[in-house]
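If you read the sequence from its start, that first residue is 1, and numbering goes on from there.
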Amino acid sequence: MKKVIIIGAGPAGLTAGYELLKQAPDEYQVVILEESGDIGGISKTVNHNGNRMDIGGHRFFSKDKAVMQWWQDMMPRQGKPSFDDIKLKREKKLAENGPDPEQTDRVMLVRNRVSRIYYKHKFFDYPVSLKWETIKNMGFGTTMVAGFSYLKGTIAKKPENSLENFYMNRFGKKLYSMFFEGYTEKLWGRHPREISADWGSQRVKGLSIMAVIKDMFRKIGGKKNTGKVETSLIEEFYYPKYGPGQLWETTAEEFKKLGGRIAMHTKVTEIVTDGTGRVERVICERDGQKVAVDGDIFISSMPVKDLVAGMNDVPEKEAAIAAGLPYRDFVTVGLLVDKLELENKTPIPTLGNIVPDCWIYVQDVGVKLGRIQIFNNWSPYMVQDPEHQVWIGLEYFCAEGDSFWNMDDQECIDFAIRELRSMGVIAKETVIRDSHRERIKKAYPAYFDTYSEIDTLIAYLNRFDNLYCVGRNGQHRYNNMDHSMATSFEAVKNILSGKTDKTNIWSVNTDKEYHETAKEESAE
């Protein structure tokens, strides 16, 4: 049997391991090496005192039918949960007195996709919609300026050599300055003119003012989403009952049932190559000891930067490109409160009559806060008492080692509370029932600095016949969860067929258009 070493127990690593053993159980011995003590990578679910946090938020919808079927097979879909208080209490009591619900209740819920933008103390639909409330919030004068700005942009297109020009070509200068410029700089720590347009191509794709207009007329005409709809305009998505980590913990269990092994708290520090285009082994740190792990095939979802830094005899140019690849790090502050100072003015019913948003995007540059997650709306089962309390996540983008990252837990939590109060989301007298801070390194691969030379680095890595780079950090590409899984699907296909050309693996999520149908889902 060939020994396969997989680095990382996130979506890409677990998908690759599960698929290899499922399709060829008698041919491969598979071991996953995971640095942390958690399953799922950035897609894990943090359980703090019975309240669960989704790190970064993960919506499940995809144009990839193989991914859709995979999710369905792993965790069957269920309709929208009832908000009947008695039923919730009954299910909660069963969970307390009966079997572990995460083991017996593996289902995907149907959720409403509701997000809004917070800008200058007013709320706008996300994506920006063309309706009376939007015009009222913007003001007639600003709306007219935005309209003419967009028309001007359609006539005089800018070369798409930066993310700034990418946005202005699709939304016009005025809307770009209102809803994209400040937020993008907050997210990446760089002005959009310094960021490659590739990021927009992969994340925004076909979304534009025209896409918003078409969607508006579709809704006015009462048409359902039976045709193709832009990713950001999808109105429903699927979500594991207990958060995305439930899916990957389930996958890890199924992987082990097939004979796979996961070594936790095992950090890969060196990748030993033989000088002839093959990887021989990896060196790991575990329990303070160095351990060598040999293998025939290696699948890496670890950051490319760290992968190359750990390899021997890397040419100077490629080493410099890898060392210069940038990332953005991420902090979530969880707060448990009795209520938010936000009214539900939508027709969407919610448990406890809270606003229906999954996310609130904070475009206002007056605060550092980037997004607010309302975990009750991702799944009411994420919250211990969803009828009477609201569990929110305040998301901050930063750099490992900067002043915000280095705050101690209470200092960071106090900072987040002050910002939330200044925005009017919670009242000054609101009691914080519980709080928690979670820090994530290398959450977002960034598209500046040496990223412009990444093709050279890819060509170098492809020289190693038995090394496959998969996933978001494994390819230094801002992939959604379904894209990360698709890279593993392709890698497994190549391994099973003996195909040596890895173009198909690196080509996942490079298309400029990413359309969805109403019955298809993707993960963000």
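For the atom pair CD1 (Ile392) and OG1 (Thr332), the distance works out to 11.5 Å, reported to the nearest 0.5 Å. Between Gln246 atom CD and Thr45 atom OG1 the span is 8.0 Å, to the nearest 0.5 Å. Between the CG atom in Asn509 and the CG atom in Asp64 there is a gap of 11.0 Å [rounded to 0.5 Å]. The distance from atom CG of Leu325 to atom CG of Leu307, rounded to the nearest 0.5 Å, is 11.0 Å. Atom-to-atom distance recorded for Leu258:CG and Lys256:NZ is 12.5 Å, nearest 0.5 angstrom. Taken from NZ in Lys267 to CD in Glu35, the straight-line distance is 5.0 Å, to the nearest 0.5 Å.
Although no hydrogens or angles enter the test, the distance criterion places a donor-acceptor pair under 3.5 Å between the side chain of Arg371 and the main chain of Gly56. The main-chain N or O of Phe375 is never found under 3.5 Å from a side-chain atom of Gln373 such that the two would form a donor-acceptor pair. Within the 3.5 Å criterion, the main-chain N or O of Val114 finds no donor-acceptor partner in the side chain of Asp357. A donor-acceptor contact shorter than 3.5 Å is absent between the side chain of Ser488 and the backbone of Ala486. Although no hydrogens or angles enter the test, the distance criterion places no donor-acceptor pair under 3.5 Å between the side chain of Asp482 and the main chain of Val67. No donor-acceptor pair closer than 3.5 Å links the side chain of Thr15 to the backbone N or O of Ala12. A donor-acceptor contact shorter than 3.5 Å links the side chain of Gln475 to the backbone of Ile505. Counting only distance, with no hydrogens or angles, the side chain of Gln389 and the backbone of Leu336 share no donor-acceptor pair below 3.5 Å. Looking only at distances, a side-chain donor or acceptor of Asp329 sits under 3.5 Å from a matching main-chain atom of Glu400. With hydrogens and angles disregarded, a donor-acceptor distance shorter than 3.5 Å links the side chain of His476 to the backbone of Pro326.
In this structure, the side chains of Tyr451 and Asp198 come closer than 4.5 Å at one or more pairs of heavy atoms. Counting only heavy atoms from C-beta outward, the side chains of Glu387 and Leu351 approach each other to under 4.5 Å. Taking the side chain as every heavy atom from C-beta outward, Val30 and Phe255 approach each other to under 4.5 Å. Here the side chains of Phe298 and Val282 are in contact, with some heavy-atom distance below 4.5 Å. Under the 4.5 Å side-chain criterion, counting only non-hydrogen atoms from C-beta, Phe489 is not in contact with Val508. Residues Ile262 and Leu14 meet the side-chain proximity criterion, which asks for heavy atoms closer than 4.5 Å. Two residues are said to be in side-chain contact when any heavy atoms from C-beta on lie closer than 4.5 Å; Ile374 and Ile354 meet this criterion. At a threshold of 4.5 Å between non-hydrogen side-chain atoms, the residues Ile297 and Ile6 do not count as touching.
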Could you walk me through whether Tyr167 and Thr184 pass side-chain contact (heavy atoms from CB on, under 4.5 Å), step by step?
CA-CA 11 Å; Tyr167 279 135; Thr184 301; 3.8 Å; yes
side-chain contact (heavy atoms from CB on, under 4.5 Å) between Leu163 and Tyr447, intermediate numbers included
CA-CA 10 Å; Leu163 186 58; Tyr447 287 49; over 6 Å; no
Residue pair Trp71, Tyr238: steps toward the ring-ring contact (aromatic ring centres under 6.0 Å, His included) verdict:
CA-CA 10 Å; Trp71 286 333; Tyr238 291 96; 8.6 Å; no
Run the ring-ring contact (aromatic ring centres under 6.0 Å, His included) check on Tyr444 and Phe330 step by step: do they pass?
CA-CA 8 Å; Tyr444 304 121; Phe330 184 80; 5.7 Å; yes
Going through the checks in order, is the salt bridge (charged side-chain N to carboxylate O under 4.0 Å, His left out) test met by Lys493 and Glu490?
CA-CA 5 Å; Lys493 286 179 187 176; Glu490 295 301 318; 3.3 Å; yes
One pair to check against side-chain contact (heavy atoms from CB on, under 4.5 Å): Val4 and Val31. What are the steps and the verdict?
CA-CA 6 Å; Val4 180; Val31 178; over 6 Å; no
Can you check side-chain contact (heavy atoms from CB on, under 4.5 Å) on Lys441 and Tyr327, steps first, answer last?
CA-CA 8 Å; Lys441 298 178 182 178; Tyr327 297 83; over 6 Å; no
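The two residues Pro240 and Met75 make their nearest non-hydrogen contact at CB-CE, 3.9 Å. Residues Asn479 and Ser484 come closest through the heavy atom pair CB-OG, 3.6 Å. Heavy-atom minimum distance, Ala16 versus Ile299: CB-CD1, 4.0 Å. The two residues Asp26 and Met1 make their nearest non-hydrogen contact at O-CG, 3.6 Å. What you find for Val46 and Ile55 is that their closest heavy atoms are CG2-CD1, 3.9 Å. Residues Met302 and Ile271 share a closest heavy-atom pair of SD-CD1, 4.5 Å.
Outside the 6.0 Å centre-distance limit, the rings of Trp391 and Trp378 are not counted as a close aromatic pair. Phe179 and Tyr119 have their aromatic ring centers within a separation under 6.0 angstrom. The aromatic ring centroids of His58 and Tyr239 lie 6.0 Å or more from each other. A centroid separation of 6.0 Å or more is found between the aromatic rings of Tyr176 and Phe171.
The pair Lys257-Glu254 meets the salt-bridge criterion, with a side-chain N (NZ, NE, NH1 or NH2) lying under 4.0 Å from an Asp/Glu carboxylate O. A salt bridge does not link Glu236 with Arg59: none of the charged nitrogens is closer than 4.0 Å to a carboxylate oxygen. Ion pairing between a basic and an acidic side chain is recognised when a charged N comes within 4.0 Å of a carboxylate O; Glu438 and Lys44 show such pairing. Between Glu160 and Arg170 there is a salt bridge, since a side-chain N of the basic residue sits under 4.0 Å from a carboxylate O of the acidic one.
With Trp188 as the aromatic partner, Arg328 does not meet the cation-pi criteria of under 6.0 angstrom to the ring centre and within 45 degrees of the ring axis. The side-chain tip of Arg113 does not point at the ring of Phe237 from less than 6.0 angstrom away and within 45° of straight on. Taking the centre and axis of the six-membered ring of Tyr381, the NZ or CZ atom of Lys241 falls inside the cone set by 45° and 6.0 Å.
Between the side chains of Thr251 and Glu249, not a single donor N or O lies within less than 3.5 Å of an accepting N or O. Under 3.5 Å, the side chains of Ser43 and Arg472 contain no donor-acceptor pair of N or O atoms. A side-chain N or O of Asn494 and one of Asn504 form a donor-acceptor pair less than 3.5 Å apart.
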Residues 18-25 side chain polar contacts: donor-acceptor under 3.5 Å, at least two apart:
| from | atom 1 | to | atom 2 | distance (Å) |
| --- | --- | --- | --- | --- |
| Glu19 | OE1 | Gln23 | NE2 | 2.8 |
| Glu19 | OE2 | Trp70 | NE1 | 2.7 |

Counting only pairs under 3.5 Å, give me each side-chain donor-acceptor contact of residues 458-471, with atom names and distances, residues two or more places apart or in other chains.
| from | atom 1 | to | atom 2 | distance (Å) |
| --- | --- | --- | --- | --- |
| Asn462 | OD1 | Trp506 | NE1 | 3.0 |
| Asn466 | OD1 | Val279 | N | 2.9 |
| Asn466 | ND2 | Val279 | O | 2.8 |
| Asn466 | ND2 | Asp296 | O | 3.1 |

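Crowding of Lys3 atom NZ: a count of heavy atoms from other residues, nucleotides or ligands under 6.0 Å exceeding 12.
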